[in-house]
Amino acid sequence: MLAGCAKIFDLTPVELPEPPDAAPLDGAGEWGFSMPRPVMDLTDNALDGDPTLTSDMTEIYFKSTRAGGLGLEDIWYSTRATVSDAWAPPMRSTLSSTDNDNQPRIAPDGLTIWFRQGSGSGATIMVSTRASAKMDTLWSTPDTLSELDATSPPGKEDAAFFSTSPDVAYLMSKRSGPTLHIFRSVRQGALWGTPEPVPELTETASYEQSPWVTPDQLTIVFDSNRPGCNTGGDIWLAQRADPSLPFGVPICLGEVSDFGFESAPWISPDLRHLYFRSSASGGGDIWEAHR
């Protein structure tokens, strides 16, 4: 058993090429992201979502209902040599099972992945590791994060668990009530501690889900139906000056949230590349925007 997967990530910053239209942050909710567009290399006549990338942006995992899967939802992946190259044709991951597999979250170095397996209250969070990135066949047999099952009341639907640092993890859960909110877990030895709510990000009457935190722990993106944005399923962002501080007031990324139901955002360490799921193309596809 992996017992919470006690491994140290390689958090060496990765230098990415600067987009030609990069704009400075203005803090006003319009961050200068380009017009979002579907990632055509990954698009299929199916429902795709939950994109998660390595920090160098040369490997992506996502869920899909496309043909060739083992269950209703499976985990698929693609790679590319550099960020300037096209994505290779997606392949079904060896992590997939005959059950529902979704909400993949890959660590920045590509050596650990978490995902949700099962349906509803019977779903569990799984973890797998490997020795080398961009080698899907090297994933270990997925193991259950049993410490989360032990502390989660029945039916609370923990999901989207991940860690971009060795000792702090985030997830979405209904542990505090009937609505999904963002929780934080701190490692206690080899195991993850009981997740606690992140109050500064919680809007009681709304949901917050699918969080992603940058490796420096200073920026979080998530989707929410809270008031103050466009379509009721929008992408929000919050920042802080130090990992020991609470996050600031979340702002809606309005320039990427006006096209449909947007969810499950992933943002690059340099805050210039955003991947997410959108319903704007009619079903569910992976979209991207940059700044």
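Checked by atom type and distance alone, the side chain of Asp223 pairs as donor or acceptor with a backbone atom of Ala264 at under 3.5 Å. With Thr65 contributing its side chain and Ala46 its backbone, the two residues share no donor-acceptor pair below 3.5 Å. Glu59 contributes a side-chain N or O that, together with a main-chain N or O of Lys134, makes up a donor-acceptor pair within less than 3.5 Å. Between the side chain of Arg240 and the backbone N or O of Gln217 there is at least one donor-acceptor pair closer than 3.5 Å. One N or O on the side chain of Ser163 and one on the backbone of Val168 form a donor-acceptor pair closer than 3.5 Å.
Every residue two or more places apart in sequence or in another chain was checked for a ring pair (Phe, Tyr, Trp, His ring centres under 6.0 Å) with Phe276, and none qualifies. Considering only residues two or more places apart in sequence or on other chains, Tyr77 meets the ring pair (Phe, Tyr, Trp, His ring centres under 6.0 Å) condition with Tyr61.
Note on ring orientation: taking the six-membered ring where Trp is involved, the planes of Trp236 and Phe222 are parallel (angle under 30°, cut-offs 30° and 60°).
The shortest non-hydrogen separation linking Leu201 to Gly248 is CD2-O, 4.5 Å.
Met126 and Leu191 fall into different hydrophobic clusters, where Ile, Leu, Val, Met, Phe, Trp and Tyr side chains are chained together by heavy-atom contacts under 4.5 Å.
The distance from atom CZ of Phe33 to atom CG of Leu253, rounded to the nearest 0.5 Å, is 6.0 Å.
Summarising the hydrophobic clusters (Ile, Leu, Val, Met, Phe, Trp, Tyr; side-chain heavy atoms under 4.5 Å, direct or chained), the residues clustered with Leu218 are none.
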